There are 2 protein chains.
Amino acid sequence: MTEAIVSELSRSLIEIAWHFGPKGLRGECCDDLTMPEFIALEKVSVTPDCPVQVVGHPLGFTKSGATRIVNRLARKGLIDKVKSPQDARICCVVITEKGERILRSANSRYMKKFKELLAKVPPETVPEVMKAVTVMAGSLKR
Amino acid sequence: MTEAIVSELSRSLIEIAWHFGPKGLRGECCDDLTMPEFIALEKVSVTPDCPVQVVGHPLGFTKSGATRIVNRLARKGLIDKVKSPQDARICCVVITEKGERILRSANSRYMKKFKELLAKVPPETVPEVMKAVTVMAGSLKR
DNA sequence: AAAAATAAGTTGATCATGTCAACTAAATGG
DNA sequence: CCATTTAGTTGACATGATCAACTTATTTTT
């Protein structure tokens with residue numbers, strides 16, 4: 001494949017990234033959940049007794065940044081912090097009922113945006129595109 | 001297509017977006033060009049005599065934010081601000097030689113990342129994926 | 001068992017980057 | 001020629017992250 005085409009494509013991907021990006025669904029719904037907050041909440045929801053630092057991993061944050069985003073989510077009532085019984089240094093982060101609700105709501109917002117994009121793609125290629133996106137994302141989780 | 005699959009996919013896309021995102025190639029190269037700076041520089045490079053506000057458009061910035069990002073790029077020597085001879089209110093923003101160089105460098109960085117992702121995708125589906133990404137990005141430019 | 005090293009988390013100081021509203025200066029048009 | 005609009009800038013502010021220094025708890029070494 002030619003450089004020019006890959007170049008064009010990576011620019012397209014960046015545009016999509018920005019569109020879905022930090023200002024993604026600001027103010028559109030969901031307690032004004034920012035994109036990093038969404039990613040953090042998602043991480044908490046799939047990680048049982050998630051330590052604070054781990055919340056920062058998918059975001060590439062330092063542990064300090066992790067503390068701060070966890071505190072923000074806690075202040076909004078989306079998560080709870082519980083001291084681990086095994087190791088008192090560790091702070092188990094768990095999602096609350098409200099957190100689950102907000103996460104679902106935010107997720108459907110993003111889905112809506114994504115569907116709008118997919119609508120422009122030739123329908124017969126959709127399954128392959130979806131598979132490709134999944135594979136690409138999967139290769140990011142180290 | 002089922003909700004569950006679209007949900008999974010939109011999360012994948014968000015992960016990719018974050019990976020390419022604001023902290024994208026921070027410190028990896030290119031004078032520490034941030035993602036919004038990259039987008040701004042790109043805009044300047046394709047828009048002859050680009051007014052300041054226009055730089056902010058693809059980013060969704062206010063004119064104030066546009067001024068600030070333009071000043072940052074100017075301070076780094078990547079662009080020049082020239083008063084328009086036709087209308088002295090307007091400030092024509094033009095990319096410098098250094099700006100062109102940095103832009104190319106940043107672009108190839110992003111391309112490298114993108115290629116790494118594409119490598120995980122079944123090769124025969126690559127052309128369709130590329131087309132789909134382009135179309136999706138295209139539908140964002142209103 | 002005591003001391004040293006390591007690890008999790010927090011916090012103050014700071015920095016980066018955006019908004020808003022008020023401003024200046026230039027153009028436009030009754 | 002005055003009123004309005006427009007481009008751009010700026011000060012005050014909000015947000016959100018880092019860094020380094022700290023506390024507290026666990027683990028390792030001796």
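From a predicted model like this one, the values you see are computed outputs, not experimental measurements. Here is the naming used below: chain letters follow the sequence lines, and residue numbers restart at 1 for every chain.
- Between the CD1 atom of Ile90(B) and the P atom of dA25(C) there is a distance of 18 Å, given to the nearest Å.
- Remark: the backbone N or O of Cys91(B) is not paired with any side-chain donor or acceptor of Ser84(B) at under 3.5 angstrom.
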> Does the salt bridge (Lys or Arg N to Asp or Glu O under 4.0 Å) test come out yes or no for Arg101(B) and Glu97(B), once each step is laid out?
Replying inline: CA-CA 6 Å; Arg101(B) 213 167 50 241; Glu97(B) 262 310 310; 5.2 Å; no
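- Between Lys112(B) and Glu116(B), at least one side-chain nitrogen of the basic residue sits less than 4.0 Å from a carboxylate oxygen of the acidic one, meeting the salt-bridge criterion.
- The distance from atom CD1 of Ile79(B) to atom P of dG8(D) is 12 Å, rounded to the nearest whole Å.
- The interatomic distance linking Gln53(B) (CD) with dT10(D) (P) rounds to 15 Å, in whole Å.
- Near DNA chain C, meaning a heavy atom under 4.0 Å away, the residues from residues 65-74 of chain B are Gly65(B), Arg68(B), Arg72(B).
- When distances are taken from the side chain of Thr62(A) to each of dC19(D), dG8(D), dA8(C), the shortest belongs to dC19(D).
- In this structure, Lys76(A) contributes its side chain and Leu33(A) its backbone to no donor-acceptor pair below 3.5 Å.
- Distance, Arg75(B) CZ to dT9(D) P: 12 Å, rounded to whole Å.
- Checking side-chain atoms of Trp18(B) against main-chain N and O of Pro36(A) turns up no donor-acceptor pair under 3.5 Å.
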>> At under 4.0 Å between heavy atoms, how does the protein contact nucleotides 20-26 of chain D? Give one character per nucleotide, 5' to 3', with B, S or -.
In response: B----BS
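- With Thr125(B) contributing its side chain and Val121(B) its backbone, the two residues share no donor-acceptor pair below 3.5 Å.
- The same ILVMFWY cluster, assembled from side-chain heavy atoms under 4.5 Å apart, contains both Val126(B) and Val133(A).
- If you measure from atom CZ of Phe61(B) to atom C1' of dG8(D), you get 17 Å, rounded to the nearest angstrom.
- From Ser45(A), atom OG reaches atom CD1 of Ile79(A) across 11.5 Å, with rounding to the nearest 0.5 Å.
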